[in-house]
Amino acid sequence: MLNIESIRRDFPILDRQIYGKPLIYLDNAATTQKPQCVIDAISWAYCNVNANVHRGTHFLSLQATEMMEAARENVRDFIGAESRSGVLFTRGTTESMNLLASSFSDAFIKQGDEVIISGMEHHSNIVPWQIQAERKGFKIKVIPVTDDGELDMDAFRSLFSGRTRIVSVTHMSNVLGTVNPITEIIAESHRRGIPVAVDGAQSVPHMKVDVSALGADFYAFSGHKIYGPTGIGVLYGRPDLLAQLPPYQGGGEMIKRVTFEKTTYNDIPFRFEAGTPDYVGAIALASALDYVRGLGIDAISEYESQLTVYARERLSAVPGIRFIGNAPEKSSVISFLIDGIHPFDIGTLLDRLGIAVRTGYHCAEPLMDSFRIPGTVRASFSFYNTKDEVDALVAGIEQIIRMF
Ligand code: PLP
């Protein structure tokens with residue numbers, strides 16, 4: 001059982017007033033708020049251990065390096081990776097997917113080959129592959145999404161061919177809330193010898209993720225969506241696969257030896273961490289993961305599921321509401337439209353009541369096109385949200401409907 005009142009006191013921003021109303025923050029799929037321990041970790045790191053990592057021989061540099069590598073170990077443990085060498089620090093899911101698409105296609109994808117993604121991907125798991133597809137002349141195949149917002153698994157199976165090189169899909173949709181059958185997707189792919197990359201931006205904050213148990217070959221997530229700072233994220237990769245990939249960026253840290261004639265590259269994970277890394281971000285991310293561990297990811301999952309079910313029930317009674325995303329396996333995200341009112345108007349008017357929701361296409365334009373809608377209103381929940389806040393959301397929407 002989570003003590004939500006006490007948890008809320010850990011998040012200073014939740015005390016804010018917006019237009020004279022208490023902030024009701026329901027935009028957690030975009031970014032989460034930060035507990036005091038994460039804010040303190042950033043300040044502590046700059047006050048106590050700030051020095052460039054991996055290079056210096058002096059005390060501070062060694063200490064900063066130790067802390068960054070401890071953060072890597074912390075992430076490894078959090079996601080159940082077998083070794084630290086498979087945990088790369090990036091700027092976030094977007095950079096993780098760009099790195100992967102670039103280096104993986106350099107190593108393994110040729111003209112005429114195929115990559116499978118899904119119709120519910122965030123732009124950051126579409127565009128990086130498109131950029132490489134244009135460069136290399138490979139084809140992107142897309143798993144269709146059903147009217148309920150699930151992946152069409154029969155269609156998925158039919159997309160494989162002798163030219164398939166990788167499957168790259170999201171674990172959880174940031175629009176529909178659908179939790180995809182990732183174990184089955186990985187099993188189907190591995191049976192055909194195809195590796196799987198998973199966009200875990202939305203799943204890692206809400207459910208237990210164990211990359212080894214899943215058998216994921218690559219898994220990406222963002223620190224800021226799991227109560228950590230912006231500017232830090234992770235790409236997990238199976239070490240034996242990562243070791244076969246060329247670097248993504250060149251510069252310091254990713255090299256073994258540089259001459260004007262030839263440069264040799266560092267071992268993983270450093271080969272993929274060119275330049276000064278965000279070691280303060282890594283240290284603060286470790287603090288965020290400790291915070292989540294302290295609450296317990298299973299307790300978080302359970303509380304958020306109950307809250308999402310409650311929100312869905314309450315919202316169902318709103319006249320003219322249409323939910324986008326009706327999969328049985330859903331988590332923490334509710335997208336909807338109200339008959340005759342533009343999502344943007346709903347978002348703007350809710351904002352005046354102190355309620356922060358997201359409106360628009362949520363960086364998933366092809367998904368919106370497939371539903372033939374211009375966007376949705378999206379409420380996304382965290383463990384610090386309450387039933388009272390859900391009630392306020394519903395009352396706010398009903399007030400807006402009356403106005404219209
Ligand atoms: N993938 C999904 C499913 C997301 O929801 C997001 C962000 O909303 C991203 C990727 C991109 O994450 P970031 O902007 O942190 O790189």
Side-chain angles (χ1 to χ4, degrees), residues 25-33 90-102 115-134 140 142-145 149-151 167-180 182 197-206 218-235 323-325 327 330-337 342-344 346-348 350-351 356-382:
Y25 185 77
L26 302 178
D27 194 17
N28 294 286
T31 197
T32 52
Q33 299 303 344
T90 63
R91 284 196 301 121
T93 309
T94 301
E95 190 176 53
S96 297
M97 299 315 296
N98 276 278
L99 185 167
L100 178 67
S102 170
V115 168
I116 298 178
I117 63 173
S118 93
M120 64 171 81
E121 296 311 313
H122 188 279
H123 294 165
S124 63
N125 195 26
I126 301 173
V127 185
W129 295 110
Q130 281 177 333
I131 291 171
Q132 298 305 326
E134 273 176 28
I140 296 172
V142 181
I143 311 167
V145 176
E150 292 182 278
L151 293 182
V167 173
S168 187
V169 289
T170 190
H171 197 159
M172 174 180 155
S173 162
N174 64 312
V175 178
L176 308 164
T178 309
V179 179
N180 286 320
I182 211 71
V198 183
D199 171 349
Q202 295 297 335
S203 44
V204 167
H206 300 294
F218 300 97
Y219 202 101
F221 69 96
S222 299
H224 70 99
K225 291 190 198 281
I226 185 161
Y227 312 99
T230 51
I232 187 88
V234 170
L235 176 64
F323 293 106
I324 306 296
K330 267 174 68 77
S331 172
S332 313
V333 169
I334 299 182
S335 268
F336 59 90
L337 292 164
H342 196 277
F344 184 77
I346 298 172
T348 308
L350 284 175
D351 178 53
V357 293
R358 176 64 48 125
T359 64
Y361 52 65
H362 317 296
C363 294
E365 222 174 337
L367 181 66
M368 295 298 143
D369 290 346
S370 72
F371 279 97
R372 288 182 215 85
I373 53 176
T376 72
V377 182
R378 181 185 72 184
S380 53
F381 305 100
S382 158

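If you're wondering where the values come from, they're calculated on a predicted model, not measured in any experiment.
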Report task. Step by step, work out the side chain to side chain contact (heavy atoms under 4.5 Å, CB included) result for V145 and L151. Result -> CA-CA 5 Å; V145 176; L151 293 182; 4.3 Å; yes
Mind listing the side-chain donor-acceptor pairs of residues 367-375 below 3.5 Å, one per line with the distance, residues two or more places apart or on another chain?
residue, atom, partner, partner atom, Å
S370, OG, L367, O, 2.8

Quick one, [X] and [Y] - any side-chain contact, counting heavy atoms below 4.5 Å?
X    : Y    : result
E365 : H123 : yes
N174 : R378 : yes
I182 : V169 : yes
H171 : V179 : yes
N180 : M172 : no
V175 : V333 : no
T359 : I346 : no
L176 : I324 : yes

Under 3.5 Å, side chain of [X] to main-chain N/O of [Y], donor-acceptor pair present?
X    : Y    : value
N98  : T94  : yes
D199 : A201 : yes
T31  : H224 : yes
S203 : G200 : yes
K225 : Q202 : no

Do [X] and [Y] have side-chain N/O donor and acceptor atoms under 3.5 Å apart?
X    : Y    : result
S222 : T93  : yes
N28  : S380 : no
H206 : S331 : no
T178 : S173 : no
T170 : H122 : no
T32  : Y25  : no

Report summary line: Residue set satisfying ring pair (Phe, Tyr, Trp, His ring centres under 6.0 Å) with H342, at least two apart, ordered chain then number -> none
**Report entry** Sequence-distant partners of F323, ring pair (Phe, Tyr, Trp, His ring centres under 6.0 Å), two or more places apart
**Finding:**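 Ring pair (Phe, Tyr, Trp, His ring centres under 6.0 Å) check on F323 returns nothing, list empty.
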Distance-minimising heavy-atom pair for [X] and [Y]:
X    : Y    : value
I126 : P366 : CD1-CG, 3.9 Å
L99  : L235 : CD2-CD2, 3.9 Å
R91  : E95  : N-OE1, 2.7 Å
S382 : Y227 : OG-OH, 2.9 Å
A133 : I140 : CB-CD1, 4.1 Å
V204 : Y219 : CG2-CE2, 3.5 Å

Report task. Would you check, one step at a time, whether the test side chain to side chain contact (heavy atoms under 4.5 Å, CB included) holds for F381 with L26? Result -> CA-CA 6 Å; F381 305 100; L26 302 178; 3.8 Å; yes
Starting at [atom1] of [X], measure out to [atom2] of [Y] and round the result to the nearest 0.5 Å.
X    : Y    : atom1 : atom2 : result
S96  : F221 : OG    : CZ    : 8.5 Å
N125 : M120 : CG    : CE    : 12.0 Å
S102 : W129 : OG    : CH2   : 9.5 Å

